[in-house]
Amino acid sequence: MEISEIYLHDARLLRVIEDTEDNTLTMEVELPKDKSSDDLVPRLLVFEDVHGYQVSEGPFQGSPAILDMQVIGEQGRWRRVRLNTNAGYRELFCTGVRLIENDPTS
């Protein structure tokens with residue numbers, strides 16, 4: 001999936017899980033159902049072949065909101081991705097991203 005295809009504005013970032021064995025970084029988020037909806041649905045953003053994950057955010061109470069996500073650079077097969085939040089930003093290098101439905105009841 002292309003990063004530009006994922007609508008994240010005002011998504012809530014709940015948790016980040018690093019899998020060092022598979023080199024993935026999974027963000028548990030609540031995303032808007034669609035661009036015209038205020039309803040949030042649980043999803044997983046799974047970044048593939050991750051390295052260089054950095055958090056540049058100030059002190060913040062509660063879950064940060066993701067304002068946007070964009071590719072800000074490329075080095076070979078790696079894309080440098082920035083997620084802007086209302087507390088600052090997060091950056092990582094990855095080769096791809098998947099958006100997966102997350103049903104917390106299953």
A.B. asks: State the CG-NE2 distance between N84 and H9, to the nearest 0.5 angstrom.
C.D. replies: 11.5 Å
A.B. asks: If you measure from the Lys or Arg side-chain nitrogens to the Asp or Glu carboxylate oxygens, is any gap between D49 and R77 under 4.0 Å?
C.D. replies: yes
A.B. asks: Does the side chain of R90 reach to within under 4.5 Å of the side chain of R82, using non-hydrogen atoms?
C.D. replies: no
A.B. asks: Give a yes or no on whether V55 and V29 share a hydrophobic cluster (residues Ile, Leu, Val, Met, Phe, Trp, Tyr; joining criterion: side-chain heavy atoms under 4.5 Å apart).
C.D. replies: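 Same cluster.
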A.B. asks: May I ask you to say whether R98 pairs ionically with E48, meaning some side-chain N is under 4.0 Å from a carboxylate O?
C.D. replies: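 Result for this pair is yes, salt bridge flagged.
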A.B. asks: For A87 versus P64, what's the shortest heavy-atom pair and its separation?
C.D. replies: CB-CB, 4.5 Å
A.B. asks: Examine distances only and state if a side-chain atom of D19 and a backbone atom of E21 form a donor-acceptor pair shorter than 3.5 Å.
C.D. replies: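 Yes.
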A.B. asks: Would you say I17 ends up clustered with M69 if hydrophobic residues are merged whenever their side chains have heavy atoms under 4.5 Å apart, either directly or through other cluster members?
C.D. replies: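 They do not share one cluster, since no chain of ILVMFWY contacts under 4.5 Å joins M69 to I17.
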A.B. asks: Quick one: does M27's side chain get under 4.5 Å of L44's, heavy atoms only?
C.D. replies: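 A side-chain contact under 4.5 Å is absent here.
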A.B. asks: Is there side-chain contact between I3 and V81, with at least one heavy-atom pair below 4.5 Å?
C.D. replies: yes
A.B. asks: Would you check if L13 and S63 make a side-chain contact, meaning some heavy-atom pair closer than 4.5 Å?
C.D. replies: no
A.B. asks: Could you give me the CA-CA distance, side-chain angles and deciding distance for Q75 and F93, then say whether side chain to side chain contact (heavy atoms under 4.5 Å, CB included) is met?
C.D. replies: CA-CA 9 Å; Q75 292 178 336; F93 286 90; 3.7 Å; yes
A.B. asks: Considering only heavy atoms from C-beta outward, does the side chain of L45 approach that of T26 to under 4.5 Å?
C.D. replies: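 A side-chain contact under 4.5 Å is absent here.
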A.B. asks: Anything under 30° is parallel, anything over 60° is perpendicular, the rest tilted; go ahead and classify H51 against W78.
C.D. replies: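 Rings of H51 and W78: perpendicular, over 60°.
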A.B. asks: Looking at E74 and R80, is there a salt bridge between them, counting it only when a charged N and a carboxylate O are closer than 4.0 Å?
C.D. replies: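 E74 and R80: not salt-bridged.
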A.B. asks: Report yes if the side chains of L67 and D10 come closer than 4.5 Å at any heavy-atom pair, otherwise no.
C.D. replies: yes
A.B. asks: Mind checking whether L83 and Y53 sit in one hydrophobic cluster, side chains of I, L, V, M, F, W, Y counted as touching below 4.5 Å?
C.D. replies: yes
A.B. asks: When you group the ILVMFWY residues by side-chain heavy-atom contacts below 4.5 Å and let the links chain together, are F47 and L99 in the same group?
C.D. replies: yes
A.B. asks: Taking a hydrophobic cluster as the set of Ile, Leu, Val, Met, Phe, Trp and Tyr residues connected by side-chain heavy atoms closer than 4.5 Å, whether directly or through intermediates, do F60 and V16 fall within one such cluster?
C.D. replies: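 Different clusters: F60 never reaches V16 through Ile, Leu, Val, Met, Phe, Trp or Tyr contacts under 4.5 Å.
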A.B. asks: Verify side-chain hydrogen bond (donor to acceptor under 3.5 Å, both in side chains) between S56 and E91, making sure each step is shown before the conclusion.
C.D. replies: CA-CA 8 Å; S56 298; E91 285 187 4; over 6 Å; no
A.B. asks: Can you tell me how far CD of Q70 sits from OG of S4, rounded to the nearest 0.5 angstrom?
C.D. replies: 11.0 Å
A.B. asks: Apply side chain to side chain contact (heavy atoms under 4.5 Å, CB included) to the pair T24 and V50, showing each step before the final yes or no.
C.D. replies: CA-CA 6 Å; T24 61; V50 172; 5.6 Å; no
A.B. asks: Output the distance between atom OH (Y7) and atom CG (D68), rounded to the nearest 0.5 Å.
C.D. replies: 10.5 Å
A.B. asks: Is the shortest heavy-atom distance from the side chain of L92 to the side chain of L25 under 4.5 Å?
C.D. replies: yes
A.B. asks: Under 4.5 Å between any side-chain heavy atoms of L31 and L40, yes or no?
C.D. replies: no
A.B. asks: Any sub-3.5 Å donor-acceptor pair from N86's side-chain atoms to A65's backbone N or O?
C.D. replies: yes
A.B. asks: Indicate yes or no: does E28 engage R12 in a salt bridge with an N to O separation below 4.0 Å.
C.D. replies: no
